[in-house]
Amino acid sequence: MESLNTLWLSTGLANFELGQVIMMLVGCLLLFLAIAKNFEPLLLLPIGFGAILTNIPVAGFSEVGGLLHYIYYIGIDTGVFPLLIFMGVGAMTDFSALIANPKVLFLGAAAQFGIFATLFGAIALNAIPGFEFTMQDASAIAIIGGADGPTAIFLASKLAPELLGAIAVAAYSYMALVPIIQPPIMKALTTPEERKIVMGQLRPVTKVEKIVFPLAVLLMTIFFLPAATPLVGMFCLGNLMRECGVVDRLSSTAQNELINIVTIFLGLGVGSKLSADAFLNVETLGILALGAVAFSIGTASGVLMAKLMNKYTKAPINPLIGAAGVSAVPMAARVANKVGLEANPHNFLLMHAMGPNVAGVLGSAVAAGILLALVGS
Amino acid sequence: MDNLMQLFTEAGTLMLAGMVFVFVFLGLLVVFINTVLVKLAQTYPDPVVQRKPQHNSINKKEAHDGVSPSIVAAISSAVTQYRQQHSKKK
């Protein structure tokens, strides 16, 4: 009888707590969004499954000795996984559109206003009882506005590891929701005539330019913002491997096999942070709300900057491409193209929108570097 | 409350410093692209690769007859084999 009792006590049914059940349901919701709705499936699937694993009673996945514990500490606590992902993203990024029309870098810069404005929002939430965000927490939350998963995870792991799960889930969820969040803001801030603006053809970019560009970006980061060199350095390494043309095997590995392997572990590691005590609180709701605000402000400031530039530059700029300044490559550029096509079926903005899109990646890495340098110490 | 005001001031400074820095950094990059990279592009343009017309005898033959000689050879050997097997049975 006693052994039967011991057996019963070792079952999951006897040990379940309400919080664990709720978090497993959250994990299932993420799996549903990934599989049925195709929302960022590459990350939401391992994150959702990681959330289920980490909340299994008795198994101890996230305790010392558990698999997810080690995955988190080896890859995310050290910052290694997001940086390896960033190298892969660099190897997948083509800067041609940006080099051909460099002034779109200002659109990528303007869209970062979403990050810094959200800092205010996070601090303002402290006025409500139940919220106690420090400046580090607020900075880590605000980076969701950069719409860049690896950057958000990297910064959160350095500044506010206890909020990492909520921040990563918010960042990837909103990136998946870009086609729903952005168009109403883009349409509200532009007139039909502005949306119809046709942009001139981009000049061809030479191989030498593409090789020198990542080296120049790295050099500038070394000079002006060394705190951002982990992110920018790995990004530039990946991009140089792509463009130099002599290490195609390495470039291919960085943008395929390596990024896929790291994505599995990164997702599981983030999922391990979705434990009931860390996730089921009022702060998570605040983070989800602030993430949406950050995205919206970033989109709006990109569009407004593009409108301003269109007034004062010779070559016409369609304000819609400003929305692509929030990174979220290549989804935001596709959204700009789609909204442009609705206004003028013969106006293809995709290549023009890729410029601010990749500028947004650089911009959010620089913003993350600034936050690390000013708040991290 | 004082603490909140202090945090607000800090956030304001961070916003101002951050946005100015992002603009200056990316602005410098714009200047770099417009000067150095454009010069580089003029000095070292991409070599123009001229595609040579293909001189492939098999392709020519294929274009002429519609069937490549290797396929013709495979079919002929199969037919020969089939005939030999048939003649043995008889």
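Predicted model, so just to flag it, every value in this text is computed and none were measured. Chain naming here is simple, since letters A, B, ... match the order of the sequence lines and numbering starts at 1 in each.
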K.L.:
Measure the spacing between CE of B:Met5 and CD1 of A:Ile123 and express it to the nearest 0.5 Å.
P.N.:
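Here the interatomic distance stands at 12.0 Å.
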K.L.:
Taking all non-hydrogen atoms of both residues, which atom of B:Asn34 and which atom of A:Pro102 are closest, and how far apart?
P.N.:
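So the minimum-distance heavy-atom pair works out to OD1-CG, 3.3 Å.
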K.L.:
Can you list the steps and then say if B:Leu29 with A:Met220 is a side chain to side chain contact (heavy atoms under 4.5 Å, CB included)?
P.N.:
CA-CA 8 Å; B:Leu29 211 53; A:Met220 279 180 58; 3.4 Å; yes
K.L.:
Heavy-atom pairs under 4.5 Å with chain A - which of B:Gly27, B:Ala17, B:Ala11, B:Pro45 has more of them than the others?
P.N.:
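Highest number of heavy-atom pairs under 4.5 Å: B:Ala11.
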K.L.:
Please name all residues satisfying ring pair (Phe, Tyr, Trp, His ring centres under 6.0 Å) with B:Phe23, sequence neighbours left out, ordered by chain then number.
P.N.:
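With sequence neighbours excluded, B:Phe23 shows a ring pair (Phe, Tyr, Trp, His ring centres under 6.0 Å) to no residue whatsoever.
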K.L.:
Side chain, backbone, both or neither: which part of A:Leu371 has a heavy atom under 4.5 Å from chain B?
P.N.:
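Looking at A:Leu371, just its side chain touches chain B.
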K.L.:
The criterion is ring pair (Phe, Tyr, Trp, His ring centres under 6.0 Å); which residues satisfy it with A:Tyr312, sequence neighbours excluded?
P.N.:
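A:Tyr312: no ring pair (Phe, Tyr, Trp, His ring centres under 6.0 Å) contacts found.
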K.L.:
Test of understanding: with side chain to side chain donor-acceptor pair (under 3.5 Å), list the residues that count as partners of A:Ser364, not counting sequence neighbours.
P.N.:
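Once residues adjacent in sequence are excluded, A:Ser364 has no partner under the side chain to side chain donor-acceptor pair (under 3.5 Å) criterion.
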K.L.:
Sort by residue number and list every residue of residues 202-219 of chain A having at least one heavy atom under 4.5 Å from chain B.
P.N.:
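From residues 202-219 of chain A, the residues near chain B are A:Arg203, A:Val205, A:Thr206, A:Lys207, A:Val208, A:Glu209, A:Val212, A:Phe213, A:Ala216, A:Val217.
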K.L.:
Does A:Phe133 CZ have over 12 foreign heavy atoms under 6.0 Å away?
P.N.:
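Enclosed.
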K.L.:
Under a 4.5 Å heavy-atom cut-off, does chain A meet the side chain of B:Ile33, its backbone, both or neither?
P.N.:
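Side chain of B:Ile33 only, per the 4.5 Å heavy-atom cut-off to chain A.
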K.L.:
Most heavy-atom pairs under 4.5 angstrom with chain B, which of A:Leu105, A:Val104, A:Leu119, A:Leu98?
P.N.:
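The residue among A:Leu105, A:Val104, A:Leu119, A:Leu98 with the greatest pair count is A:Leu105.
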K.L.:
Under 4.5 Å between any side-chain heavy atoms of B:Leu26 and A:Phe106, yes or no?
P.N.:
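They are not in side-chain contact.
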K.L.:
In Å and rounded to the nearest 0.5 Å, what is the OG1 to CZ distance from A:Thr221 to B:Phe25?
P.N.:
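Here the rounded value is 3.5 Å.
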K.L.:
What is the minimum heavy-atom distance between B:Leu14 and A:Ser139, and which atoms define it?
P.N.:
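Scanning both residues completely, I find the closest heavy atoms to be CD2-OG, 4.3 Å.
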K.L.:
As an exercise, state the distance from CZ of A:Phe113 to CE of B:Met19, rounded to the nearest 0.5 Å.
P.N.:
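These two atoms lie 6.5 Å from each other.
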K.L.:
Checking B:Leu28 against chain A: side chain, backbone, both or neither under 4.5 Å from a heavy atom?
P.N.:
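It is both, since atoms from each part get that close.
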K.L.:
Mind checking the CD1-CE spacing from A:Ile370 to B:Met15? Nearest 0.5 Å is all I need.
P.N.:
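With rounding to 0.5 Å, CD1 (A:Ile370) is 13.0 Å from CE (B:Met15).
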K.L.:
Using side-chain heavy atoms (C-beta onward) and a distance below 4.5 Å, is B:Leu7 in contact with A:Met135?
P.N.:
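Yes; the side chains approach each other to less than 4.5 Å.
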K.L.:
Side chain, backbone, both or neither: which part of B:Phe32 has an atom under 4.5 Å from a heavy atom of chain A?
P.N.:
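Just its side chain gets close to chain A.
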K.L.:
Measure A:Ala127 against the heavy atoms of chain B and call it side chain, backbone, both or neither at under 4.5 Å.
P.N.:
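For A:Ala127, backbone and side chain are both near chain B.
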K.L.:
Going by heavy atoms in the side chains, are A:Phe116 and B:Val22 under 4.5 Å from each other?
P.N.:
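Side-chain contact under 4.5 Å: yes.
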K.L.:
Sort A:Ala124 into side chain, backbone, both or neither according to what part of it lies under 4.5 angstrom from a heavy atom of chain B.
P.N.:
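The answer is both parts of A:Ala124.
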K.L.:
If I measure from the heavy atoms of chain B, does A:Ala122 come under 4.5 Å with its side chain, its backbone, both, or neither?
P.N.:
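It is neither, since no heavy atom gets under 4.5 Å.
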